[in-house]
Amino acid sequence: MKNKEIAELLYDMGELLELKGENRFKIIAYGKAARAVESLQEDVEAVWQREELDRIPGVGRAIAEKIAEYLQTGRMRAYDDLVSETPAGQRELLQVAGIGPKTVALIHEKLGVSTLDELEAAARQHRIRRLPRMGPTREANILRAVERYRKRSSRIPLSIAAPLVEEIVSYLRRIDGLDNITPAGSFRRGRETVGDIDILATSSRPQEVIASFVRMPMVEEVLGKGPTKASVIVRETVQVDLRIVEPRSYGTVVQYFTGSKEHNVKLRGIALQRGYSLSEYSLKRTSTGEELYFDREEDVYAAIGIPYIPPELREDRGEVEAAMAGRLPHLVEQADILGDLHVHSSWSDGRGSIEDLALAAGDLGYHYLALCDHSPSVGIAGGLSEERLQEKMAAIDRFNEAGEGPTILKGTEVDIRADGTLDYPDSLLEKCDLVVAAIHMGFSQKERDINGRLIAAMENEHVDVIAHPTGRLIGRREAYQVDLQAVLEAAARTGTIMEINSHPSRLDLDDLWSRKAKELGVDIAINTDSHSPDQLRLMSFGVTVARRGWLEPQNVVNTLTLPSLLDRLGL
Ligand code: DGT
Ligand code: CA
Ligand code: CA
């Protein structure tokens, strides 16, 4: 349904016209039309098909034509013209909360301010407060709004979003009268960063749920609040939208707000071909106008006649076509994971003993766990000398002989030195059950050198896995210069396993490269790189990346049973 999209466009038109100093009636007409389209009870596209756009109260002839143009061509020339006439800086100023066309025009005329930076400088120098209708309070508010706008334009990493979602959802679940609840949007699809957090719920007492939501202790600002929805800011910059929806439409609403927008466009197209118009409220038979309601998302896909598409795939990357052809992958699940092949212990910089880690792994139902502590070069992380590694291997043998709990594999995370050699001699690596190799230093080398290091490591017959292949830390450190295509081809050639590192700050390989690995026939290990027993639970983030990369259990080595894994490792 394009109602919201068109309403936004009309609101923007009104603002841009006002900024331009256009005729007041024209400006008012756009605002009125925007509200009319926004509150329309049916799909604006259906009204257009009946050629009744100009019969919507508040929508005149001229605006009706523009809406029709947009529905037909996907563009509105009048809007495009206005946008190109308005300086980009001024358009950005309109996006700052509390700043409208009047203010933008005023500060431009009186202070020559036409960009965000100039506005911030003017506010800091107290030049805003002296303008008519301004004053110190307004000036301070503008400054805060600018700061918030700046922070808000950056996306929120999963490492921040995930615990917040968990906290908010468990808070809301405790409210009386709350029935269903689910996160939707990019969070549900498992994207590595989210723009904002969308939560959907059903309740017999929506008003009370909304009231409790905006009163949560973590809420710092309420952006908007209505009878069935509210938006708040938590942790300074994170926007959370809650919608309470009708139980009978829960399935279509969850489908709609899970997105992605591109997936939904594709799906609606397929629905139309099959005689249905799909909206967030219902699936309507176009021939009879009969509306079908679904309280379960699975039933929406079934009614359209295609298999259920898991949220992680809904990015319009071929999933709708695959579903129609009956070729959706059988995505790997957390329950398929039988062990973790990259875990640190208190022998190096981890916090758990062999026993602690084995216990935690047992709780997760794992069959095996590879303890991969650092090698000597990584001195700050307590890298083990050759002697210490031998001692640790003996300790693991003693633990396994006792025979309680998962099997501990004797591993190492050996550093790939700047010259591409490994930080332990082959004679020692040979004694390990599992050798994980990774780059920890020399990040600024040229791509050719980095690739040379990784490929040299992969060519060593003892190296089984390359850990966190790009070295990125989301939001903190860019990947080193690496040609992953060439690295993955080398992995295919040498039979080296590539890691999906599950730490929410790493997620490395990412979804797209994981999918590329699968296409090239490269095996994946989903590992946590845990530094304490509780971090073993981070596995779910890696599984999500794998699912977004279309991986199936057979692509992931740590879904193998212990004997098959040992076989794969040549043991
Ligand atoms: P984000 O928040 O930028 O990480 O991405 P999303 O996907 O969570 O997007 P958001 O929060 O703007 O909206 C949530 C979902 O709602 C989105 O994935 C699909 C649906 N949606 C929102 N606006 C539109 C729209 O204008 N058209 C369509 N088809 N779907 C929309
Ligand atoms: Ca979102
Ligand atoms: Ca949203």
Side-chain angles (χ1 to χ4, degrees), residues 1-12 34 37-38 40 43-46 67 70-71 74-76 79 95 149 151-162 164-165 168-169 181-201 223-224 228-235 237-245 249-272 276-283 297 300 304 309-317 319-320 474-475 504 507 510-511 544-545 548:
M1 198 146 97
K2 298 215 170 87
N3 299 24
K4 196 177 133 204
E5 200 173 313
I6 288 173
E8 293 278 318
L9 213 59
L10 296 175
Y11 279 123
D12 283 357
V37 173
E38 194 171 31
L40 201 61
D43 192 340
V44 67
E45 213 153 348
I67 297 175
Y70 186 75
L71 287 171
R75 308 226 60 92
M76 200 182 282
Y79 173 78
Q95 306 295 314
Y149 170 81
K151 286 193 194 159
R152 211 170 284 171
S153 20
S154 59
R155 297 178 61 83
I156 304 137
L158 207 51
S159 51
I160 293 178
L164 276 177
V165 169
I168 296 168
V169 168
I181 183 162
T182 180
S186 51
F187 182 83
R188 181 161 181 250
R189 301 197 309 279
R191 278 195 60 178
E192 62 192 34
T193 62
V194 301
D196 69 357
I197 295 171
D198 308 280
I199 298 177
L200 305 170
L223 296 176
T228 57
K229 63 180 186 184
S231 292
V232 301
I233 297 287
V234 302
R235 303 284 147 86
T237 60
V238 184
Q239 180 174 334
V240 187
D241 295 343
L242 173 66
R243 286 184 175 75
I244 312 292
V245 304
S249 294
Y250 191 60
T252 43
V253 172
V254 169
Q255 197 289 319
Y256 178 86
F257 284 106
T258 295
S260 65
K261 200 167 157 179
E262 293 74 17
H263 170 87
N264 289 352
V265 167
K266 202 42 80 60
L267 192 67
R268 278 201 305 271
I270 303 299
L272 269 182
Y276 295 106
S277 138
L278 173 62
S279 75
E280 55 196 287
Y281 305 108
S282 69
L283 189 66
E297 194 185 42
V300 179
I304 296 171
I309 301 178
E312 295 92 334
L313 296 184
R314 300 184 198 166
E315 299 290 352
D316 190 24
R317 293 175 179 163
E319 72 281 5
V320 176
I474 296 172
L507 305 178
D510 69 8
D511 50 1
T544 298
V545 171
R548 289 178 59 82

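None of the values given here were measured: they were computed from a predicted structure. Atoms within a ligand are numbered from 1 in the order they appear, just like the ligands themselves.
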[X] heavy atoms, cut-off 4.0 Å: which ligand 1 atoms fall inside?
{"X": "T258", "result": "18 (O)"}
{"X": "D198", "result": "8 (O), 11 (O), 14 (C)"}
{"X": "G185", "result": "8 (O)"}
{"X": "G259", "result": "17 (C), 18 (O), 19 (C)"}
{"X": "V194", "result": "4 (O)"}
{"X": "G195", "result": "1 (P), 2 (O), 3 (O), 4 (O)"}

Worked check of side-chain contact (heavy atoms from CB on, under 4.5 Å) between R155 and S186
CA-CA 11 Å; R155 297 178 61 83; S186 51; 4.3 Å; yes
Apply side-chain contact (heavy atoms from CB on, under 4.5 Å) to the pair K229 and D241, showing each step before the final yes or no.
CA-CA 7 Å; K229 63 180 186 184; D241 295 343; over 6 Å; no
Within the distance-only criterion (no hydrogens, no angle test), does the side chain of T193 pair as donor or acceptor with the backbone N or O of P157 below 3.5 angstrom?
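Absent.
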Would you say S260's side chain and R314's backbone share a donor-acceptor pair under 3.5 angstrom?
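Checked: pair present.
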Is there side-chain contact between K266 and E319, with at least one heavy-atom pair below 4.5 Å?
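A side-chain contact under 4.5 Å is absent here.
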Min side-chain heavy-atom separation I199-V240 under 4.5 Å:
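The answer is yes, as the side chains (C-beta and beyond) meet within the 4.5 Å cut-off.
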Any salt bridge linking R317 with D511? Criterion: basic side-chain nitrogen under 4.0 Å from a carboxylate oxygen.
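Here R317 pairs with D511 in a salt bridge, since their nearest N and O are under 4.0 Å apart.
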Are E297 and R188 within salt-bridge range, i.e. N to O under 4.0 Å?
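Counted as a salt bridge, because a side-chain N and a carboxylate O are separated by less than 4.0 Å.
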Apex the Ca ion (ligand 2); atoms D198 OD2 and D196 OD1; angle rounded to 10 degrees
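Angle OD2(D198)-the Ca ion (ligand 2)-OD1(D196): 100°, rounded to 10°.
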Look at atom OH of Y281 and say whether more than 12 heavy atoms of other residues, nucleotides or ligands are closer to it than 6.0 Å.
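Counting other residues, nucleotides and ligands, OH of Y281 stays at 12 neighbours or fewer.
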K4, portion touching ligand 1 at heavy-atom distance under 4.0 Å:
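Side chain only.
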Any idea which part of E262 is under 4.0 Å from ligand 1, heavy-atom wise: side chain, backbone, both or neither?
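Answer for E262: neither.
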For R155, is the nearest heavy atom under 4.0 Å from an atom of ligand 1?
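Judged by the 4.0 Å heavy-atom criterion, R155 does count as contacting ligand 1.
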Please confirm whether S186 comes within less than 3.5 Å of ligand 1 when only nitrogen or oxygen atoms on both sides are compared.
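By distance alone, the answer is yes.
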Within the structure, does R191 bring an N/O atom to less than 3.5 angstrom of an N/O atom in ligand 1?
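No.
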Closest candidate by heavy atom, reference atom 19 (C) of ligand 1, pool Y256, F257, F187
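It is Y256 whose heavy atom sits nearest to atom 19 (C) of ligand 1.
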Can you figure out which of R188, K261, R189 has its heavy atom closest to atom 27 (N) of ligand 1?
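Selected option, by shortest heavy-atom distance: K261.
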